[in-house]
Enquirer: 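Pasting a structure here, questions to come.
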Amino acid sequence: MRFKSTRDKAVHLTSAEAIKIGISRDGGLFVPENFPSVSVTDLATMCKMSYQERAQYVLSLFLTDYTEDELAGYCAKAYADEKWGGSETTPVVRIDDTMSICELWHGPTCAFKDVALQMLPHLLTGAMRKTGEDKTVVILVATSGDTGKAALDGFCDVDGTKIIVFYPENGVSSMQKLQMTTQSGKNVYVAAINGNFDNAQTGVKEIFSDREFEQLMAKSGHVFSSANSINFGRLVPQVVYYFSSYCDLVERGELKLGDKVNFTVPTGNFGNILAGYYAKRMGLPVNKLICASNKNNILTDFIKTGVYDRNRDFYMTASPSMDILISSNLERLLYTLSDEDDKLVASYMNELKEKGVYTVTGAIREKIAESFACGFCDDDETKAIIGKTYGEHKYVCDTHTAVAVGVYEKYRRETGDTTKTVIMSTASPFKFCKDVLEGLNVTEEMGDFERLEKLESFGVKAPASLATLREKEVRFSEVFDKSDMRSAVKEFLKI
């Protein structure tokens with residue numbers, strides 16, 4: 001399997017080369033040259049596998065320059081039972097006759113990003129060895145909350161690596177901020193920026209594409225890579241849980257092998273739902289991928305109209321990990337749906353950069369409609385869904401999962417579609433205690449850890465990794481303007 005750039009398909013790299021670099025020199029994202037095929041017979045075999053075995057199987061289809069033994073070892077370490085609270089890894093919980101929730105947040109940092117970011121350090125350090133790279137790899141991350149902590153945890157004190165995380169100062173929950181700013185490790189650095197996630201993400205991309213800065217890094221013995229979902233090594237582990245949740249439903253007798261299923265995905269940067277699309281292209285029987293947005297509903301508008309327009313108000317919401325107006329992974333979908341028209345994709349991305357808007361062709365819009373549905377919920381709706389879901393099913397959603405539940409319920413009412421549907425639950429409710437409690441009609445003022453204890457009274461157990469944050473010292477408190485991000489990198493690396 002070789003990998004191409006979405007903006008220049010003449011680029012051909014191995015998976016190790018693509019994972020090491022993270023993003024193509026032309027600014028494009030790496031995509032596989034084809035989609036491996038998974039048959040119904042293959043699915044039947046996967047149904048009898050553990051999560052680790054399913055992960056190894058899916059990864060081996062894309063990462064063909066890694067050996068089976070390497071991937072087996074990586075999967076055993078990344079998805080060890082003790083890291084995930086048991087052997088299920090991403091358990092599927094039945095809610096009603098058509099809706100189940102796949103909990104992706106049982107890993108070390110209580111967010112779905114752990115699925116990929118417990119794996120990526122193994123893939124990246126393996127890639128460095130395979131490509132003969134002897135420099136220290138510097139992981140540069142922009143986060144809207146969850147990626148940052150998951151990346152910090154995954155790369156903490158990993159030999160041959162350093163990691164720098166930028167987050168929007170007022171754009172993450174207090175619990176997310178504490179998770180990052182108390183991070184241990186000699187090779188980690190965390191800084192806030194004035195602005196929103198899009199500012200942080202744009203700043204990171206600009207650093208990646210700065211050739212002069214790249215040369216300075218090389219002279220000092222460093223090389224950049226990414227842990228954001230622009231790195232294919234982040235994306236491919238996410239494909240696994242679509243297959244795994246399907247297999248779990250089959251094993252429980254809730255689906256017959258070959259029956260179609262819907263997935264509803266709370267979506268900001270588009271990587272999570274794109275992984276579902278990749279699974280569909282590989283042969284997973286998917287009916288609709290339902291894209292759930294919050295008040296920053298740029299993706300809802302795009303799917304409905306074919307116009308991507310970031311020239312709009314930006315809202316800070318109760319689901320901050322989705323507070324994004326530049327959905328990077330959408331570029332990968334456009335590349336596939338345009339029949340790999342790299343020049344067209346490059347023109348769209350240039351229009352987005354220069355004008356803040358682009359409009360896709362009618363053919364692409366029709367293809368989007370074949371696979372995707374969409375909707376959004378504002379904060380009031382989100383909190384109402386939290387209360388409703390608890391009242392009817394005694395299930396406590398976080399704010400992002402609640403957006404997906406709300407969008408799915410609207411979709412089900414409007415379409416009458418009773419296809420079995422899996423909601424991809426992206427975070428523990430304890431990461432967003434204040435807003436979750438408000439959804440449960442608890443509005444009195446209290447501290448972060450008092451809220452944690454209060455939420456436990458609703459029959460859910462706080463993850464130990466969050467409950468023990470009160471004992472940790474804040475290590476990182478610096479705040480920078482976007483224009484000073486390069487200086488922050490230089491200062492940390494002492495170059």
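Scope of the values below: all heavy atoms of this structure, side chains included, with no hydrogens, waters or symmetry mates. Numbering starts at 1 and runs along the sequence shown. Everything numeric in this text was worked out from a predicted model, so none of it was measured.
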Enquirer: Using a distance-only test with no angle check, is there a side-chain donor-acceptor pair under 3.5 angstrom linking Gln118 and Asp153?
Expert: yes

Enquirer: Could you tell me the separation between the OH atom of Tyr189 and the CD1 atom of Ile163, rounded to the nearest 0.5 Å?
Expert: 13.5 Å

Enquirer: Quick one: ring-ring contact (aromatic ring centres under 6.0 Å, His included) partners of Phe430, sequence neighbours excluded?
Expert: none

Enquirer: For Met217, does its backbone N or O pair with a side-chain atom of Ser220 as donor and acceptor, under 3.5 Å?
Expert: yes

Enquirer: Indicate whether any N or O donor in one side chain lies under 3.5 Å from an N or O acceptor in the other, for Ser319 and Asn294.
Expert: yes

Enquirer: Under 3.5 Å, which donor-acceptor pairs link side chains of residues 465-474 to any protein atom two or more places apart or in another chain?
Expert:
| unit_1 | atom_1 | unit_2 | atom_2 | d |
| --- | --- | --- | --- | --- |
| Ser465 | OG | Pro108 | O | 3.3 |
| Thr468 | OG1 | Ala464 | O | 2.9 |
| Arg470 | NH2 | Glu453 | OE2 | 3.4 |

Enquirer: Is there a ring-ring contact (aromatic ring centres under 6.0 Å, His included) between Phe232 and Phe30 once you walk through the steps?
Expert: CA-CA 6 Å; Phe232 191 78; Phe30 292 117; 9.1 Å; no

Enquirer: Side chains of Thr109 and Asp114: any donor to acceptor distance under 3.5 Å?
Expert: yes

Enquirer: Could you walk me through whether Met282 and Phe243 satisfy the side-chain contact (heavy atoms from CB on, under 4.5 Å) test, starting with their C-alpha distance in whole Å, then the side-chain angles of each, then the deciding distance to 0.1 Å, before giving a yes or no?
Expert: CA-CA 10 Å; Met282 294 167 70; Phe243 282 99; 4.0 Å; yes

Enquirer: How long is the straight-line distance from CD1 of Ile303 back to CG of Leu299, given to the nearest 0.5 Å?
Expert: 6.0 Å

Enquirer: Would you say that Ser174 contacts Lys177 through its side chain, given a criterion of any heavy-atom pair below 4.5 Å between the two side chains?
Expert: no

Enquirer: When you measure from the side chain of Asn187 to the backbone of Asp157, do you find a donor-acceptor pair of N or O atoms at a distance under 3.5 Å?
Expert: yes

Enquirer: Would you please test Val265 and Ile290 for side-chain contact (heavy atoms from CB on, under 4.5 Å) and show each step?
Expert: CA-CA 6 Å; Val265 190; Ile290 304 167; over 6 Å; no

Enquirer: Tell me every residue that passes salt bridge (Lys or Arg N to Asp or Glu O under 4.0 Å) with Lys135, counting only those two or more places apart in sequence or in another chain.
Expert: Glu133

Enquirer: Residues two or more places apart in sequence or in another chain: which of them pass side-chain contact (heavy atoms from CB on, under 4.5 Å) with Asp198?
Expert: Asn196, Gln201, Phe314, Ile324, Leu325, Ile326

Enquirer: Listed by chain and number, what are the ring-ring contact (aromatic ring centres under 6.0 Å, His included) partners of Phe197, not counting sequence neighbours?
Expert: none

Enquirer: Evaluate Asp339 against Lys367 for salt bridge (Lys or Arg N to Asp or Glu O under 4.0 Å), listing each step before the verdict.
Expert: CA-CA 11 Å; Asp339 297 324; Lys367 290 178 182 178; 3.4 Å; yes

Enquirer: For residues 486-495, which side-chain N or O atoms pair as donor and acceptor with protein atoms under 3.5 Å away, sequence neighbours left out?
Expert:
| unit_1 | atom_1 | unit_2 | atom_2 | d |
| --- | --- | --- | --- | --- |
| Arg486 | NE | Asp210 | OD2 | 2.9 |
| Arg486 | NH2 | Glu206 | O | 3.4 |
| Arg486 | NH2 | Asp210 | OD2 | 3.3 |

Enquirer: My understanding is that only residues two or more places apart in sequence, or in another chain, count here; which of them pass side chain to side chain donor-acceptor pair (under 3.5 Å) with Asp65?
Expert: Thr14, Ser15

Enquirer: Under the side-chain contact (heavy atoms from CB on, under 4.5 Å) rule, what do Met322 and Ser144 come out as? Steps first, then yes or no, please.
Expert: CA-CA 7 Å; Met322 299 158 66; Ser144 55; over 6 Å; no

Enquirer: Taking only residues two or more places apart in sequence or in another chain, which ones pass side-chain contact (heavy atoms from CB on, under 4.5 Å) with Lys4?
Expert: Lys9, His12, Val31, Glu33, Tyr335, Glu340

Enquirer: Distance only, no hydrogens: is a donor on one side chain within 3.5 Å (strictly under) of an acceptor on the other, for Asn296 and Asp323?
Expert: yes

Enquirer: State, yes or no, whether a side-chain contact exists between Leu334 and Met349 at a heavy-atom distance under 4.5 Å.
Expert: yes

Enquirer: Distance alone, cut at 3.5 Å: any donor-acceptor contact between the side chains of Glu331 and Thr6?
Expert: yes

Enquirer: For the OH atom of Tyr242 and the CZ atom of Phe263, what is their distance to the nearest 0.5 Å?
Expert: 7.0 Å

Enquirer: Side chains of Leu344 and Ser347, heavy atoms from C-beta outward: is any pair under 4.5 Å?
Expert: yes

Enquirer: Would the distance check show the side chain of Ser244 and the main-chain N or O of Val240 forming a donor-acceptor pair, the cut-off being under 3.5 Å?
Expert: no

Enquirer: Between Leu152 and Cys156, is any pair of side-chain heavy atoms under 4.5 Å apart?
Expert: no

Enquirer: Side-chain donor-acceptor pair under 3.5 Å between Gln176 and Lys431, yes or no?
Expert: no

Enquirer: Are the side chains of Val223 and Ile21 in contact, using a 4.5 Å heavy-atom criterion?
Expert: no

Enquirer: Not counting sequence neighbours, which residues clear ring-ring contact (aromatic ring centres under 6.0 Å, His included) with Phe208? List them please.
Expert: Phe224

Enquirer: Would you call Glu214 and Arg211 a salt bridge, taking side-chain N to carboxylate O under 4.0 Å as the test?
Expert: yes

Enquirer: With a 3.5 Å cut-off and no angle check, do the side chains of Asp26 and Ser24 form a donor-acceptor pair?
Expert: yes

Enquirer: Distance alone, cut at 3.5 Å: any donor-acceptor contact between the side chains of Thr421 and Asn262?
Expert: yes

Enquirer: Does anything in residues 110-168 pair up under ring pair (Phe, Tyr, Trp, His ring centres under 6.0 Å), and if so which pairs, sequence neighbours excluded?
Expert: Tyr74-His122

Enquirer: Distance only, no hydrogens: is a donor on one side chain within 3.5 Å (strictly under) of an acceptor on the other, for Asn272 and Tyr241?
Expert: yes

Enquirer: Side chains of Asp42 and Thr45: do they bring a donor and an acceptor to under 3.5 Å?
Expert: no

Enquirer: Please assess Glu251 against Lys48 for the test salt bridge (Lys or Arg N to Asp or Glu O under 4.0 Å), listing each intermediate value before the final yes or no.
Expert: CA-CA 8 Å; Glu251 284 294 281; Lys48 304 303 180 184; 3.3 Å; yes

Enquirer: In Å and rounded to the nearest 0.5 Å, what is the CG to CZ distance from Leu43 to Arg54?
Expert: 10.0 Å

Enquirer: Sequence neighbours excluded, which residues qualify as salt bridge (Lys or Arg N to Asp or Glu O under 4.0 Å) partners of Glu103?
Expert: none

Enquirer: What's the spacing between Leu71 CG and Leu59 CG if we round to 0.5 Å?
Expert: 6.0 Å

Enquirer: Side-chain donor-acceptor pair under 3.5 Å between Thr147 and Asn228, yes or no?
Expert: no

Enquirer: Side chain to side chain contact (heavy atoms under 4.5 Å, CB included) with Thr161: which of Thr125, Thr136, Val138?
Expert: Thr125

Enquirer: Check salt bridge (Lys or Arg N to Asp or Glu O under 4.0 Å) between Lys130 and all other residues, then give those that pass, not counting sequence neighbours.
Expert: Glu70

Enquirer: Output the distance between atom CZ (Arg332) and atom CG (Leu274), rounded to the nearest 0.5 Å.
Expert: 7.0 Å

Enquirer: What I want to check is whether the side chains of Arg234 and Asn231 have a donor and an acceptor closer together than 3.5 Å.
Expert: no

Enquirer: Less than 3.5 Å apart, any donor N or O on the side chain of Trp105 or Ser425 sitting next to an acceptor on the other?
Expert: yes

Enquirer: Could you walk me through whether Leu249 and Asp259 pass the side-chain contact (heavy atoms from CB on, under 4.5 Å) check?
Expert: CA-CA 11 Å; Leu249 291 178; Asp259 285 352; over 6 Å; no

Enquirer: Would you check if there is a donor-acceptor pair between the side chains of Ser100 and Arg94 at a distance under 3.5 Å?
Expert: no

